[in-house]
Number of protein chains: 2
Amino acid sequence: FILICSFFPLPRPHGKSFAHRSELKQAKRIVVKLGSAVVTRGDECGLALGRLASIVEQVAMLQNQGREMMIVTSGAVAFGRQRLRHEILLSQSVRQALHSGQNQLKEMSLPVLEARACAAAGQSGLMALYEAMFTQYSICTAQILVTNLDFHDEQKRRNLNSTLQELLRMNIVPIINTNDAVVPPPVPNSDLQGVNVISIKDNDSLAARLAVEMKVDLLVALSDVEGLYDRPPGIDDAKLLDIFYPGDQQSITYGNKSRVGIGGMEAKVKAALWALQGGTSVVIANGTDPKVTGHVITDIVEGKKVGTFFSEVKPAGPTVEQQTEMARHAGRALASLDPEQRAEIICKILALINRLSLSTAKLNSLAIGLRQLAVSSRDSVGRVLRRTRVANNLELEQITVPIGVLLVIFESRPDCLPQVSALAISSGNALLLKGGKEASNTNKILHQLVQEALSIHGVTDAIQLVSTREEVEDLCRLDKMIDLIIPRGSSQLVRDIQRAAKGIPVLGHSEGVCHVYIDSEASLDKAIDVDSKCDYPAACNAMETLLIHRDLLRTPMFDQIIDMLRTEEVKIHAGPRFASYLTFSPSEVKSLRTEYGELECCIEVVDSMQEAIDHIHKYGSSHTDVIVTENEETAEQFLQQVDSACVFWNASSRFADGYRFGLGAEVGISTARIHARGPVGLEGLLTTKWVLRGEGHTVADFSEQGSMKYLHENIPVPQGSFN
Amino acid sequence: FILICSFFPLPRPHGKSFAHRSELKQAKRIVVKLGSAVVTRGDECGLALGRLASIVEQVAMLQNQGREMMIVTSGAVAFGRQRLRHEILLSQSVRQALHSGQNQLKEMSLPVLEARACAAAGQSGLMALYEAMFTQYSICTAQILVTNLDFHDEQKRRNLNSTLQELLRMNIVPIINTNDAVVPPPVPNSDLQGVNVISIKDNDSLAARLAVEMKVDLLVALSDVEGLYDRPPGIDDAKLLDIFYPGDQQSITYGNKSRVGIGGMEAKVKAALWALQGGTSVVIANGTDPKVTGHVITDIVEGKKVGTFFSEVKPAGPTVEQQTEMARHAGRALASLDPEQRAEIICKILALINRLSLSTAKLNSLAIGLRQLAVSSRDSVGRVLRRTRVANNLELEQITVPIGVLLVIFESRPDCLPQVSALAISSGNALLLKGGKEASNTNKILHQLVQEALSIHGVTDAIQLVSTREEVEDLCRLDKMIDLIIPRGSSQLVRDIQRAAKGIPVLGHSEGVCHVYIDSEASLDKAIDVDSKCDYPAACNAMETLLIHRDLLRTPMFDQIIDMLRTEEVKIHAGPRFASYLTFSPSEVKSLRTEYGELECCIEVVDSMQEAIDHIHKYGSSHTDVIVTENEETAEQFLQQVDSACVFWNASSRFADGYRFGLGAEVGISTARIHARGPVGLEGLLTTKWVLRGEGHTVADFSEQGSMKYLHENIPVPQGSFN
């Protein structure tokens, strides 16, 4: 057993609680406290078996990693009540039950069961259950029943301590509960007195005492609340606190109307602060949510943002939630600026960036992009798209406005930061930037320059750099605060974010399976397939599948197509149809839906343009698809029918790009059908709002008996550049 | 115990399996078969405790509903292997272990454990676990070990039958397993011989035999596969079958490359068909997915689309998946039609609807809407939004195209069906319609008329009516097939759909907390607050909160405002600030974020327009907000700064409506910031695509060494109406 304990890699000196959630991984000795709500079911008449089993599974896993786990459990009372009730029911005569009707079983009068009797009746069964469950993981358990007095009596305290030490040394998980059968009956409101009373309903103070006594690194307190809120949950704007510092205690309002329900939280916090003072980190979290029960403890130990983490050291700087709010607030001010002022900020960034030593080429292309954005910012926000005279003196306008708060997650390229910042400023959006760890120092400096530029018009906070400590997954949970996520990086990054961001729209695409179809009437000098594949094979707009009309097989043109690809060292995979035509075929494709991303492609044969379109619809990713033909009618049909974001005739698929399209800077390429589609520039960062100006018009004026009639005249709007 | 059994409301005569999933609710006698993958953990070295506990919880729940549950379990071998391995490890000397290094415990050489010995060692522990778990629900279990031979020997078969009947009669859950200790060792590929061999690894045939023998209504077979696919999973386009009919057997391809892995599925299907023939319905589903484990069995019994349901009777008509595919296919044809042809279809619908007897008023307004749509359909799909000369002879166009497949879910109003259909036709979108049960006959007739009109241009399938049997939740899972969901009904419906549709965008809004702010410089004859609240209090664009500038308090104007609301019998709630100014205040609001939806509103006092804006941003739902003032500068600031979909000056909030805006028919009002915002008409059902026409242009031509330069000249586009 000593052997197994030695697995744990990072024994740490006890005495100081952890400063960050990310350090919780190092916790060696952990107490998991299960409130009665966790152990019993919602209806309080039985145990939450599945929940308990999941928790045992996690505790066993952590124990088998070499940690020393202890469980402080509730539930004996509920278990005993269930058991006693069952015994009483059985002892009533079946005849009486039969006559009492179908649904009255639950209502059958039962004697009031005394809690201490229930606890005594339930304790043995509860322990048997824990033991049966832990046995599945080859882990022994031991039962410890304590009362508050055991901590006050020095001799008892020392005995308890050495017993627990011995059990932990032997790799045994102690299951600790209050010895409810001998404690006094619960006093009303005893919870509110905090750590001095061990309540029969609440084991928080017991867990806290035990944690400090045993020099525990982490106390995970699970009950049926999400964690600590800044005011009673249910009140407008009550917020779950991610981290709580002892100094923050004054900023919390506990419910004072309902002392019973919410007083429990105050007691929990007192117990947590007591443990924290003793050197034990504490997390209060919900152990009853079926969505997380299976991994709530391991998530906490892995440092994920679950529940409320109690920490002694308050880090400098705002939390990401505060950053988002600051950004939205300053973003609204940014959107209210004069367009010239926004342009000025972007020019200022350009001036500041010039001071940095970047390669001339990089700097040049960055400068061109920023200058374009400074120009186009003059005509982005507040542009009138549509104007309608609804009635006399009642005019409606649809105008462009920023989307709100954008979250841009980018990988190592730091030139992304000024570019994306300029896009956000130009479109009046607030921006959260999350860069890679590798470039965090560079990003910090670039961000300072951006903020310096923003400060000239008092909107410094509109662009926030999110700490590299924050996990992308946690950011994606801020669905009420962030309006759009834009990932800039590998398709793996995009896929991960699409998975994580359930509630927030993600702009982008994860796949680019682009096709070039060479028609029977193609001209060979338009062999743009080679450019499509070879110009930059890793790009999302590179060709992955070459579709060839059957009539071209065994023609000189066909041989030339293959030769040109071979000259560029493109590895060819054969589609099943193509393979069937060849005596010696190259390797057959595994899937016609493959994005190679290298000098590789699939070749497949089709009978007609219609078959090419069907193939593209079936296996494509609706990104970019190309036809090569001299027949205009065929081409127009292809352009009309192919249901992709970009459809090209006699042009390389590599043109699918914001810069090449003339959109200025590109935010990304979207294959979604909602909002922006294809290469997305400034336009994709705008939404609209409807402005109606009247003179006291009411809808009733327009009723059958009313005095007014709808006109709905279109008023021409001045045409700005569409950029 | 007989008493409890009698709870079950619908005893059914056995002998015929169920025709629809929805009938599974009636299943009285149910066998749950747990494959070894369900009972053991992923790594095969222990039991999946949490999983098992969840399953026990569901079985207990169903049993306590009065059903007769039986469990066919695997897992004794894995459990025994774990146990024997542990014993062997313990018997090795600790010294040896200590010297073998940290991570070698798992690699320590273990003797090959014979499966039958493992089964014998594991059986008792496994049963103890089931018993401990079921005891939590006051349910007794009984252990039954059988071999294949027990079914062949008539005497044994009868004994087994009567034993099980007796157990079921006593409300005991039999736990059945193969008596692995006495069966012959497993023969390779014995799975493939299906029902004739009871394999030590697979209890499917045992469960099927038992089900038929015991006249079981439903067999739920849980393993680690989602269900039956039409071809081996992993292959392109392999589809999970929702329902499988015996006649479909030829259309299934089982993997024939890897006989071991996928042969199991063939055996499962054989066993399922055998049970089906014997009158037992079968569902094969995944019992190992942590997302569904907690409710997989109860979901199946409730008729939800989980796994593959085996049914004898093939219902007429396509499945909803087939409908969606048909709709997308025909929708593409619809989008390719001439705009005139789409207009013609809509006029045809109008002509057909005229034959129905609807109230004249309804018919009139429907007719006006459809005629408008017929007109606007001439200028919706294929409109050029932007045209760019990228280079000589390389021209780029951004054109409007349909979104793809829409799902519109509407409540009882049947005039919704022709209206939404016309919108879809006009915008070239494919459409799935899901109406309420109350109007299903009306909807069927209306849908037939729509299809009749569609047939004149050969696109009959573009609009599909989804059977009322389909659950909304199941439709929302078709995220790869449906592009946009539009709920038309109560805000509860919208909220439910937003929750269910994780992967598909939902157009709409769930809340409308609209504000009217009366500025200090307001004119009383513009008291549009009364119209905003009283014109139609249940509408989402009705006022919920009236913000009043502090300067107006105790002025005659203030009294008049209150009087006018009182005359209309509007119940007034006071915001905290307003209440503090009054001696006798009306009831204080519970939350400033309340949508009353009736003749009730909240009144709150603000110090300035800026405070009004802050209030709106904090408590509003970004739907529609109004300012009443004579000061143009104040008004313009309000219109600019308030971040809502609709912002009005001196006009009733009730104008926020597609018809009143002059958009023609309205799809809904969106408060989202992505895609459409505010009242959504035809425009909101369109997206764009980029069309590039070249003469063999490659990107390489534009490189530094290339011969071409980007021009990016905007080419003016003809301005159509923006409708």
Side-chain angles (χ1 to χ4, degrees), chain A residues 3 7 46-47 49-50 53-54 57 86 97-98 102 129 132-133 136 138 236 290 294 336 386 388 396 403-404 483 502 505 525-526 528 531 535 591 639 641 646-652 654-655 661-662 673-675 677-678 687-700 712 722, chain B residues 3 7 46-47 49-50 53-54 57 86 97-98 102 129 132-133 136 138 236 290 294 336 386 388 396 403-404 483 502 505 525-526 528 531 535 591 593 639 641 646-652 654-655 661-662 673-675 677-678 687-688 690-700 712 722:
Chain A
L3 159 82
F7 276 10
L47 293 195
L49 204 55
S54 298
E57 189 153 18
H86 188 61
L98 273 171
Q102 286 199 351
L129 189 65
M133 286 178 167
Q136 310 310 317
S138 310
D236 276 348
S336 307
R386 174 193 181 109
T388 307
L396 178 71
I403 286 175
D483 299 309
K502 293 262 154 134
D525 60 310
K526 283 162 194 160
I528 48 92
D531 191 71
D535 181 60
S591 163
L639 294 175
Q641 285 184 42
C646 305
V647 199
F648 298 170
W649 174 27
N650 287 349
S652 165
R654 293 274 298 134
F655 281 107
F661 273 16
R673 288 158 182 280
I674 297 299
H675 195 62
R677 198 174 184 215
T687 181
T688 62
K689 104 175 164 190
W690 298 87
V691 173
L692 181 67
R693 295 179 178 90
E695 290 191 333
H697 292 74
T698 64
V699 166
H712 292 151
F722 206 85
Chain B
L3 161 83
F7 277 12
L47 291 195
L49 204 53
S54 297
E57 190 154 17
H86 187 63
L98 273 171
Q102 288 199 348
L129 189 66
M133 287 178 166
Q136 310 310 316
S138 310
D236 275 348
S336 306
R386 177 191 178 109
T388 307
L396 178 70
I403 285 175
D483 298 308
K502 292 264 155 132
D525 61 306
K526 280 154 197 167
I528 47 91
D531 191 72
D535 182 60
S591 163
R593 207 173 272 135
L639 293 175
Q641 286 184 41
C646 305
V647 198
F648 299 171
W649 173 26
N650 287 348
S652 166
R654 292 274 298 135
F655 281 107
F661 273 16
R673 287 156 182 284
I674 297 299
H675 196 62
R677 199 175 183 215
T687 182
T688 62
W690 298 86
V691 173
L692 182 68
R693 296 179 176 90
E695 290 192 331
H697 292 74
T698 65
V699 166
H712 291 153
F722 203 86

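Letters go in sequence order (proteins before strands), and every chain restarts at 1. The structure presented is a predicted model; accordingly, all values stated were derived computationally and were not measured.
Both the backbone and the side chain of A/Ile403 come within contact range of chain B, with heavy atoms under 4.5 Å apart. Only the side chain of A/His712 comes within less than 4.5 Å of a heavy atom in chain B; its backbone stays farther off. Residue contact with chain A, scored on non-hydrogen atoms closer than 4.5 Å, involves the side chain of B/Asp535 exclusively. Both the backbone and the side chain of A/Ser54 come within less than 4.5 Å of a heavy atom in chain B. Only the side chain of B/Thr388 has a heavy atom closer than 4.5 Å to any heavy atom of chain A.
Ranked by heavy-atom pairs under 4.5 Å with chain B, the first of A/Gly694, A/Ala132, A/Ala53, A/Ala700 is A/Gly694.
Rounded to the nearest 0.5 Å, atoms CZ (A/Arg654) and OG1 (B/Thr698) are 11.0 Å apart. Remark: A/Thr688 OG1 to B/His675 NE2 distance equals 10.5 Å, nearest 0.5 Å. To the nearest 0.5 Å, atoms CZ (B/Phe655) and CG (A/Leu396) are separated by 10.5 Å. Note: A/Phe648 CZ to B/His697 NE2 = 12.5 Å, rounded to the nearest 0.5 Å.
Contact detail for A/Val699 and B/Asp531: the closest heavy-atom pair is N-OD2, 2.7 Å. When all heavy atoms of A/Ile674 and B/Asp483 are compared, the closest pair comes out as CG1-O, 4.0 Å. Closest non-hydrogen pair, B/Glu57 versus A/Gly50, comes out as OE1-N, 3.6 Å.
The backbone N or O of A/Lys689 sits nowhere less than 3.5 Å from a side-chain atom of B/Arg677 that would complete a donor-acceptor pair. Distance alone, capped at 3.5 Å, is enough to place a donor-acceptor pair between the B/Thr687 side chain and the A/Arg673 backbone.
Between A/Phe661 and B/Trp690, the ring planes lie tilted relative to each other; the angle falls in the 30° to 60° range.
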Using side-chain contact (heavy atoms from CB on, under 4.5 Å), reason through B/Arg693 and A/Asn650 one step at a time and then give a plain yes or no.
CA-CA 6 Å; B/Arg693 296 179 176 90; A/Asn650 287 349; over 6 Å; no
